[in-house]
Amino acid sequence: MRRWIISLFLVLLADLAVYGWLYRHQVATITRSIRQAVQPPPSVRFAVVGDNHGVNPVYRQIISDIRAQPYAFLLNLADTSERGETAEFRAVKELEATLPFPVYHTVGSHDIKTDPTRGSFIQAFGHDRWYAVDVNQVRLIILDNADRKVGFPAAELDWLERDLAAHAGRVNLIAYHRPFDLPLAAVLGDDETPASRLTNARLIDIIRRFQVSEIFTAHLHTYLPYTLASVPAVVSGGGGDPAQFVLGGPTNNYFHYLDVTVSGSTVTIRPVRVTLDSATPAE
């Protein structure tokens with residue numbers, strides 16, 4: 001009898017030990033899940049530049065300045081070249097290869113002058129005409145509206161609509177070269193055609209129905225924050241080509257790049273003015 005009682009007691013102790021381990025394991029799992037749930041997503045920091053029009057002293061300075069920064073990537077908003085020639089693309093590619101992080105390109109109006117099919121551009125940089133890249137919580141969506149006679153191709157906008165619907169929970173950032181519906185466009189004119197305006201209207205309809213946090217554009221050789229269909233947007237064309245006549249010409253150059261940080265779902269943009277020997281925060 002005593003031996004039976006001792007055996008039962010030992011069995012109970014073993015059961016208690018097992019249940020104790022299971023309890024502690026369950027508590028640890030729940031605690032870890034809670035910590036993961038409340039921990040904010042990591043910040044994503046990247047640089048943005050537009051309208052370098054090939055390799056020039058300003059773009060060399062920008063590449064030098066950002067090389068040591070903890071950026072996740074560089075976004076080049078085009079025009080990457082002056083005439084869209086293979087040698088130009090190759091020279092830019094070699095310069096950008098000195099960076100320790102990837103470079104993502106949009107295609108611009110100058111980039112299709114020699115090869116409207118974009119074949120040379122795609123071969124040089126390895127990107128499709130439109131594509132998306134995920135970096136932590138950020139989804140960078142690259143579009144192509146380089147040809148003013150076309151605007152955004154219908155297949156591209158079909159793809160964009162599907163992509164935004166499939167990634168509604170991400171911080172969606174859209175980038176393309178030619179901005180439209182800018183402030184004072186009615187006075188200063190724009191770069192649109194009847195065909196491109198129709199595609200612009202469809203793009204606006206799409207971004208109104210889905211979550212987009214920021215739009216990045218270039219084409220004008222300056223820095224200009226604006227709003228498109230209630231979405232914050234920015235023109236950043238300070239990569240080295242002189243300011244256009246409508247902006248005051250070369251005496252009004254504003255060479256710069258953007259320092260962008262995405263913390264959670266908040267996008268913070270800081271323009272960094274560039275001189276040929278240093279880069280300082282813009283006033």
Side-chain angles (χ1 to χ4, degrees), residues 46-54 56 59 62 73-85 88-89 92-93 96 103-122 124-125 127-133 140-153 155-157 159-160 173-182 185 189-193 195-197 199-200 202-204 206-207 212 214-226 228 231 233-244 246-247 254 256-258 260 269:
F46 60 95
V48 178
V49 66
D51 290 288
N52 56 288
H53 286 249
N56 60 70
Y59 196 45
I62 290 173
F73 58 87
L74 169 64
L75 169 61
N76 187 312
L77 294 167
D79 287 312
T80 302
S81 65
E82 182 62 31
R83 296 199 51 79
E85 296 174 349
E88 293 179 285
F89 293 144
V92 170
K93 180 77 170 180
E96 294 174 343
V103 184
Y104 303 118
H105 295 85
T106 67
V107 59
S109 50
H110 281 257
D111 299 325
I112 63 173
K113 280 189 172 184
T114 299
D115 182 4
T117 69
R118 282 82 160 162
S120 299
F121 178 88
I122 293 171
F125 298 112
H127 307 315
D128 292 327
R129 291 180 59 184
W130 52 85
Y131 60 99
V133 179
L140 176 64
I141 301 171
I142 305 292
L143 300 180
D144 174 1
N145 71 336
D147 189 342
R148 62 189 296 270
K149 296 179 182 178
V150 176
F152 299 96
E156 175 180 10
L157 294 179
W159 172 86
L160 174 64
L173 311 178
I174 291 180
Y176 51 84
H177 181 64
R178 295 189 313 105
F180 59 92
D181 286 3
L182 290 168
D190 59 22
D191 193 31
E192 301 306 311
T193 63
S196 69
R197 287 191 177 95
T199 70
N200 295 346
R202 186 180 171 198
L203 177 75
I204 287 175
I206 292 172
I207 65 176
V212 176
E214 187 78 33
I215 296 172
F216 295 93
T217 67
H219 198 48
L220 294 177
H221 302 169
T222 190
Y223 168 72
L224 176 65
Y226 66 107
L228 182 67
V231 176
V234 62
V235 172
S236 181
D241 214 45
Q244 290 102 333
V246 71
L247 300 174
Y254 186 76
H256 70 281
Y257 65 91
L258 302 182
V260 183
I269 298 175

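- Distance CG/D191 to CZ/R148: 5.0 Å, rounded to 0.5 Å.
- Across every non-hydrogen atom of G238 and I62, the tightest pair is O-CD1, 4.2 Å.
- Inter-residue side-chain proximity for E85 and K113 is flagged as unmet; no heavy-atom pair is nearer than 4.5 Å.
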Side chain to side chain contact (heavy atoms under 4.5 Å, CB included) between F121 and H105, intermediate numbers included: CA-CA 10 Å; F121 178 88; H105 295 85; 3.7 Å; yes
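- Between the side chain of E88 and the main chain of G84, a donor-acceptor pair closer than 3.5 Å is present.
- Remark: aromatic rings of Y176 and F216 are distant, center separation not under 6.0 Å.
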Pair D190-R197, salt bridge (charged side-chain N to carboxylate O under 4.0 Å, His left out): steps then yes or no: CA-CA 11 Å; D190 59 22; R197 287 191 177 95; 3.1 Å; yes
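- Residues I142 and L75 meet the side-chain proximity criterion, which asks for heavy atoms closer than 4.5 Å.
- The CG atom of D181 sits 8.0 Å away from atom CD of E192, with the distance rounded to the nearest 0.5 Å.
- In this structure, R129 and V107 have side chains that are not in contact, with every pair of non-hydrogen atoms separated by 4.5 Å or more.
- Listed here is the closest heavy atom pair of Y257 and A47: CD1-CB, 4.4 Å.
- At least one side-chain heavy atom of N52 sits less than 4.5 Å from a side-chain heavy atom of V92.
- A heavy-atom distance below 4.5 Å is found between the side chains of L203 and F180.
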Chi angles and distances behind the side chain to side chain contact (heavy atoms under 4.5 Å, CB included) call for L182, L224: CA-CA 9 Å; L182 290 168; L224 176 65; 4.1 Å; yes
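- In this structure, S120 OG and I122 CD1 are separated by 9.5 Å, a value rounded to the nearest 0.5 Å.
- Across every non-hydrogen atom of A218 and G50, the tightest pair is CB-CA, 4.1 Å.
- Taking OG1 of T80 as the reference point, atom CG of D111 lies at 4.5 Å (rounded to 0.5 Å).
- The nearest pair of heavy atoms linking Y59 to G54 is CD2-O, 4.1 Å.
- The CG atom of L143 lies 12.0 Å from the OG1 atom of T217; values are rounded to the nearest 0.5 Å.
- When side chains are defined from C-beta on, D241 counts as touching E82, because their heavy atoms get closer than 4.5 Å.
- Aromatic ring orientation, F125 versus H127: parallel (interplanar angle below 30°, classes split at 30° and 60°).
- Annotation: the span from Y131 atom OH to I141 atom CD1 amounts to 12.0 Å, rounded to 0.5 Å.
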Between V212 and E214, does a side chain to side chain contact (heavy atoms under 4.5 Å, CB included) hold up when you go through it step by step? CA-CA 6 Å; V212 176; E214 187 78 33; over 6 Å; no
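- When all heavy atoms of N56 and G240 are compared, the closest pair comes out as OD1-CA, 3.7 Å.
- Between I206 and L157, the closest side-chain pair of non-hydrogen atoms falls below 4.5 Å.
- A side-chain hydrogen bond (donor to acceptor under 3.5 Å, both in side chains) with H177 is found for one member of D79, N76, N145 and no other, namely D79.
- S236 and H256 form a side-chain donor-acceptor contact under 3.5 Å, judged by distance and modelled atom types alone.
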After noting the C-alpha distance and the side-chain angles of L258 and Y223, does the key distance pass the side chain to side chain contact (heavy atoms under 4.5 Å, CB included) rule? CA-CA 9 Å; L258 302 182; Y223 168 72; 3.7 Å; yes
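- Under the 3.5 Å distance criterion, the side-chain polar atoms of H221 are matched with a main-chain donor or acceptor of P242.
- Using a 4.5 Å cut-off on side-chain heavy atoms (C-beta onward), F46 and L74 make no contact.
- The minimum heavy-atom distance between R178 and S196, with the atom names listed, is NH2-CB, 4.0 Å.
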